Colleague: 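Questions regarding the structure given below will be posed in turn.
The model shown is predicted, which means the values in this text are computed figures rather than measured ones.
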Amino acid sequence: MNELQNTPRRDAELATVQPLVDVIEDASGLTLLVDMPGVAKDAIELKLEGNTLSISGDMAVSPVDGMQAIYAELPMGRYRRAFTLSRELDATRVEATGKDGVLRLRIPKTQQAQPRRIEVRNA
């Protein structure tokens, strides 16, 4: 039986992967659910430059205590995705939370873009 070699990959060899994203819109804004399994909350980087929101994070698999992987089929690499935000969205109020490999971004609409009820008064 041949022994398998676990050769660490250099950064240049890491694959870039676009994470899968669900976009949900309601009257007050957008919610993005970004699938980023294997990325710790502290390894996620969010940048807002102009109207472009960039999301990135490095995948890392933690070995089990006292064990060393001799072969792994889990992809190692970096998630990257970018979105252009419309003027209807308030990019200054983006909120981000992460849990169980899913990044949740909430981007509210500007006050002007949110629907409002107009009262009809007696003439």
Side-chain angles (χ1 to χ4, degrees):
M1 180 183 219
N2 293 336
E3 222 177 288
L4 298 173
Q5 295 289 324
N6 184 18
T7 306
R9 298 184 205 178
R10 296 176 305 184
D11 285 344
E13 296 173 337
L14 295 177
T16 300
V17 178
Q18 275 197 351
L20 299 176
V21 178
D22 293 333
V23 180
I24 303 158
E25 182 177 13
D26 61 30
S28 62
L30 295 178
T31 299
L32 280 68
L33 302 174
V34 186
D35 290 335
M36 299 178 75
V39 179
K41 182 181 76 161
D42 298 339
I44 297 172
E45 185 176 338
L46 300 172
K47 285 186 182 178
L48 187 60
E49 296 179 39
N51 64 342
T52 302
L53 175 65
S54 300
I55 304 166
S56 61
D58 292 323
M59 295 177 227
V61 178
S62 301
V64 177
D65 290 339
M67 296 185 169
Q68 179 180 351
I70 58 169
Y71 179 75
E73 292 185 345
L74 296 171
M76 296 300 292
R78 182 169 184 80
Y79 288 109
R80 282 199 180 149
R81 192 82 187 249
F83 297 91
T84 302
L85 304 180
S86 75
R87 292 185 187 144
E88 291 183 351
L89 298 173
D90 188 349
T92 63
R93 295 181 26 220
V94 176
E95 296 178 2
T97 58
K99 184 178 178 184
D100 298 330
V102 177
L103 173 66
R104 181 183 186 273
L105 296 170
R106 179 67 185 162
I107 310 170
K109 290 181 181 177
T110 61
Q111 281 300 110
Q112 297 84 0
Q114 290 188 26
R116 61 186 177 97
R117 184 179 171 100
I118 300 171
E119 181 182 342
V120 178
R121 295 183 283 177
N122 290 332

Colleague: Where the side chain of Arg80 meets the backbone of Thr16, is there a donor-acceptor pair that is under 3.5 Å apart?
Modeller: no
Colleague: Examine distances only and state if a side-chain atom of Tyr79 and a backbone atom of Ile44 form a donor-acceptor pair shorter than 3.5 Å.
Modeller: no
Colleague: Would Val94 and Leu46 count as a side-chain contact (heavy atoms from CB on, under 4.5 Å) here? Give the steps.
Modeller: CA-CA 10 Å; Val94 176; Leu46 300 172; 5.8 Å; no
Colleague: Linking I/L/V/M/F/W/Y whenever any side-chain heavy atoms sit under 4.5 Å apart, do Val39 and Val102 land together?
Modeller: no
Colleague: Rounded to the nearest 0.5 Å, what separation is found between the CG atom of Leu103 and the CG atom of Asp35?
Modeller: 10.0 Å
Colleague: Count I, L, V, M, F, W, Y as connected when their side-chain heavy atoms are under 4.5 Å apart, and connections chain through other members. Are Leu20 and Val17 then in the same cluster?
Modeller: no
Colleague: I'd like a table of donor-acceptor pairs (distance under 3.5 Å, sequence neighbours excluded) in which one partner is a side-chain atom from residues 47-57, with atom names and distances.
Modeller:
unit_1: Lys47; atom_1: NZ; unit_2: Glu45; atom_2: OE2; d: 3.4
unit_1: Ser56; atom_1: OG; unit_2: Arg78; atom_2: NH2; d: 3.1

Colleague: Would you mind checking if Asp26 and Arg106 are paired as a salt bridge, meaning a charged N to carboxylate O distance below 4.0 Å?
Modeller: yes
Colleague: With respect to Leu33, which candidate in Asp22, Val23, Leu105 satisfies the side chain to side chain contact (heavy atoms under 4.5 Å, CB included) definition?
Modeller: Asp22
Colleague: Between atom CE of Met36 and atom CG of Asp100, what is the distance when rounded to the nearest 0.5 Å?
Modeller: 14.5 Å
Colleague: So do the side chains of Arg81 and Val34 get within less than 4.5 Å of each other, counting heavy atoms only?
Modeller: no
Colleague: Starting at OG1 of Thr110, measure out to CZ of Arg93 and round the result to the nearest 0.5 Å.
Modeller: 9.0 Å
Colleague: Measuring from Lys109:NZ to Asp90:CG, what's the distance to the nearest 0.5 Å?
Modeller: 12.5 Å
